Participant: 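What follows is a structure written as C-alpha cells; I'll ask about it next.
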Amino acid sequence: MGGSFRSNNAEMLRVAALDGVGIALLPTWAVAEPLRTGALRRVLDAWEPRASTIYAVYPSNRLMSMKVRAFVDHLARCIGRAPYWDEGI
C-alpha cells in the first residue's frame with residue numbers, strides 16, 4: 001500500500017490510527033482513553049516531541065472580571081504541569 005495520509009485535525013488522525021492506517025503524533029488529550037484501553041499503544045517511547053504551550057487570551061485592562069479570573073484559574077488547575085487526562089497512561 002502506498003501513499004500518505006495527512007491532516008491537521010486531531011480527531012481525524014485519531015480515527016485513522018484507530019482504524020490501523022498508521023502511526024500518528026497526537027496530544028495525549030486526544031488519545032488518553034484508547035491508550036488506557038489498549039486500542040492504541042505508544043511507539044518511539046524514547047523520543048519526546050517539542051513541548052507546546054496553551055495561552056488564555058483576554059482583553060488587557062486593569063479590572064479582570066471574576067468570571068474570567070475563575071476560568072483562567074480553573075484552566076491552570078486542570079491542565080497545569082500534569083494534566084488530569086494523562087493519569088494512568
Side-chain angles (χ1 to χ4, degrees):
M1 185 159 82
S4 62
F5 177 80
R6 289 182 170 196
S7 177
N8 65 354
N9 181 291
E11 180 61 21
M12 181 67 74
L13 291 169
R14 178 183 168 276
V15 168
L18 286 165
D19 286 346
V21 172
I23 64 173
L25 174 61
L26 290 164
T28 54
W29 59 261
V31 291
E33 191 58 31
L35 287 172
R36 277 189 205 97
T37 63
L40 291 177
R41 64 183 177 91
R42 290 179 185 257
V43 296
L44 304 174
D45 279 335
W47 181 78
E48 281 291 323
R50 183 179 48 161
S52 60
T53 305
I54 297 175
Y55 295 93
V57 181
Y58 46 88
S60 66
N61 59 24
R62 290 181 4 167
L63 300 174
M64 183 187 305
S65 77
M66 289 177 64
K67 289 179 183 179
V68 171
R69 176 82 266 160
F71 180 67
V72 170
D73 291 345
H74 174 73
L75 287 177
R77 278 191 310 276
C78 288
I79 297 173
R81 296 220 180 261
Y84 68 88
W85 57 81
D86 280 358
E87 292 177 15
I89 60 171

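Quick caveat: nothing in here was measured; it's all calculated off a predicted structure.
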Participant: Taking side chain to side chain donor-acceptor pair (under 3.5 Å) as the test, write out the residues that go with S7, two or more places apart.
Facilitator: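 S7 satisfies side chain to side chain donor-acceptor pair (under 3.5 Å) with no other residue.
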
Participant: Indicate, with yes or no, if V43 and L40 share a hydrophobic cluster defined by side-chain heavy-atom contacts under 4.5 Å among Ile, Leu, Val, Met, Phe, Trp and Tyr.
Facilitator: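 Different hydrophobic clusters.
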
Participant: For residues 66-75, which side-chain donor-acceptor pairs fall under 3.5 Å, sequence neighbours excluded?
Facilitator:
from, atom 1, to, atom 2, distance (Å)
R69, NE, D73, OD1, 3.2
R69, NH2, D73, OD1, 3.1

Participant: Please tabulate, for side-chain N and O atoms in residues 18-30, each donor-acceptor pair with protein atoms closer than 3.5 Å (sequence neighbours left out).
Facilitator:
from, atom 1, to, atom 2, distance (Å)
T28, OG1, W85, NE1, 3.1
T28, OG1, D86, OD1, 2.4

Participant: Which residues satisfy the side chain to side chain donor-acceptor pair (under 3.5 Å) test with E48, sequence neighbours excluded?
Facilitator: none

Participant: Going by side-chain heavy atoms closer than 4.5 Å, which hydrophobic residues are tied to Y55, directly or by a chain of links?
Facilitator: V57

Participant: Applying side chain to side chain donor-acceptor pair (under 3.5 Å) as the test, list every pair that has at least one member in residues 34-45; sequence neighbours left out.
Facilitator: E33-R36

